[in-house]
Amino acid sequence: MPLKPSSESSRPAEPVILPRAAHGLSRSRIDPNTLQVLYRLRRAGHLAYLVGGGVRDLLLGRTPKDFDVGTDATPQQVKKLFRNCFLVGRRFRLAHVRFGADEVVEVATFRRQATADDLPEDPSDHRLLAENVFGTPREDAFRRDFTINALFYDIATFSIIDHVGGLADLEARRLRVIGDPLVRFTEDPVRMLRALEFAARLDFTLDEATREGIYTRAPLIAEAAPARIREELLELFRHAVAGKVLRQAQATGLLEPLLAGFEGDDATFALLDRIDARTRGGAPPGEGLVLAALFLSRFLRQCPPTADLPIGQVLELANLELDLHCGYFRISHGTRHQARELLVGCYRLGRGRGHRGERRFLQHPATPLALELFDLWHQTPDGHRQLVETWRSTLHQPAKPGVPQAPAEAPAAPQKRRRRGRRRRPRGAARPDA
Ligand code: ATP
Ligand code: MG
């Protein structure tokens, strides 16, 4: 991939500097450990800036997820200043300053975008090393992704330093790539997904050139490292913007190369919206639930609950739905298993009560979550509300040992009760009600 510097012509000649009196970013909103790191770097004679999303969020009056520090001190110099400091990262050497058991302040030395000259002659050789080139604060601003993510807060003067026009974009609530979107998306296609994510999270509009850049470069996302895509996808769910962003991805041609085999139909997008609403009211979904939600619509089309298929075949179809995605993204066996349980659980719930294996199904640890997913899926006017309620009351009824529970809804064709006790099944065959 070419590593050209971003378009020089569009760069403002001088940074905009907002003195303390001209902005609303107050130190009291910065985490005290981060402040301590900034002050100590400053006292040792280094530049010390709050950088990235922390500045953006504080200027917008939002609570930042975390705070990052930028400095002209090298990682080694940072390490000398802090007792609890560890150098991490192969691609970029970063300093992690630890506080207590679980707080880390990340300190990065200003760096610049690698250019062709920084690369070794043999391109297969150490591209990673070439990316770790230190630079000036201005160069550091320009190697960042979006203008609103490249603002600096200087602890020496309490002013905001803007090299890239980020303040104007914050004001206009606009998400804009730094430099030429075509170049920046070629350098790193994951930025396309991040662009949609930030626009959705902040409710900003996408700058026109940024949007067109996504249209043009969308196919490149298929070449991005699966681990990064997987992480950004989970990020969409954590921030409750999965429905919004994946719709936008479809509209800009990004969805197909992003998630091969995933079909963005209206029912799925509506389900993702409801999962996002659930996240806003509580905790984000785990990855098993995310996977099941992404593939539920397709899965239920393959095996509608009315088809009355043997559970072994339903399990097989659930596996088939998940195989491609889980293989590509190297999703752990446990997570894939949970997603499969949720899909099959939705099938069982959709069939109604009174089927074989119901007792074990009701006691299965995945069933409450399957019911939650089933409920979210059916929150439409024609949804099976009655069925959801029936299952819910059954699930919340404490089971009396030894007493068969009467189904609240009569099954279409009553089945013979299975013999109690274990029946042998052939080695290797799927458990009928796993
Ligand atoms: P949040 O943490 O709230 O999701 P953030 O802006 O802090 O948002 P991070 O992913 O934590 O995002 O990255 C920190 C900063 O690093 C960004 O603000 C941006 O300046 C820079 N950055 C991150 N990813 C890229 C990228 N792919 N290309 C260029 N710069 C990036
Ligand atoms: Mg961050």
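Order of appearance sets the numbers: ligands from 1, and atoms from 1 within every ligand. Given the structure is predicted, the values throughout are model-derived calculations rather than measurements.
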Under 4.0 Å, heavy atoms only, figure out whether ligand 1 is touched by the backbone of [X], its side chain, both or neither.
X      : result
Lys65  : side chain
Asp66  : side chain
Arg228 : side chain
Phe146 : neither
Arg238 : neither
Asn149 : both

Q.
Please evaluate residues Glu256 and Gln250 with respect to the criterion side chain to side chain donor-acceptor pair (under 3.5 Å), reporting the C-alpha separation (whole Å), side-chain torsions for both, the decisive distance (0.1 Å), and the verdict.
A. CA-CA 7 Å; Glu256 222 286 306; Gln250 190 171 55; over 6 Å; no
Looking only at non-hydrogen atoms, the one of Thr63, Asp145, Asp188, Leu151 nearest atom 19 (C) of ligand 1 is Asp145
Filtering Arg62, Glu106, Arg56, Arg144 for the heavy atom nearest atom 15 (C) of ligand 1 leaves Arg144
With a cut-off of 4.0 Å, which atoms of ligand 1 are near a heavy atom of [X]?
X      : value
Phe198 : 6 (O), 8 (O), 12 (O)
Gly53  : 5 (P), 6 (O), 7 (O), 18 (O)
Gly52  : 18 (O)

Protein-derived N, O or S atoms sitting under 2.8 Å away from the Mg ion (ligand 2) total 1
Would you check if the side chain of [X] reaches a backbone N or O of [Y] as a donor-acceptor pair within less than 3.5 Å?
X      : Y      : result
Arg340 : Glu316 : no
His46  : Ala48  : no
Glu103 : Gly100 : no
Thr279 : Ala240 : no
Asp140 : Arg111 : yes

Specify the protein heavy atom at minimum distance from [atom]: its residue, its atom name, and the distance to 0.1 Å.
atom                    : value
atom 3 (O) of ligand 1  : Arg201 NH2, 2.8 Å
atom 14 (C) of ligand 1 : Asp68 OD2, 3.9 Å
atom 26 (C) of ligand 1 : Arg191 NE, 3.7 Å
atom 23 (C) of ligand 1 : Arg194 NH2, 3.1 Å

Pair [X] + [Y]: basic N to acidic O under 4.0 Å:
X      : Y      : value
Arg176 : Asp169 : yes
Arg228 : Asp188 : yes
Arg247 : Asp273 : yes

Exercise for review: Give a yes-or-no answer on whether the side chains of Asp323 and Asn319 include a donor-acceptor pair shorter than 3.5 Å.
Suggested key: no
Sequence neighbours excluded, the answer for side chain to side chain contact (heavy atoms under 4.5 Å, CB included) partners of Thr216 is Leu182
Applying ring pair (Phe, Tyr, Trp, His ring centres under 6.0 Å) to Phe110 and not counting sequence neighbours gives Tyr49
Applying side chain to side chain donor-acceptor pair (under 3.5 Å) to Glu106 and not counting sequence neighbours gives His96
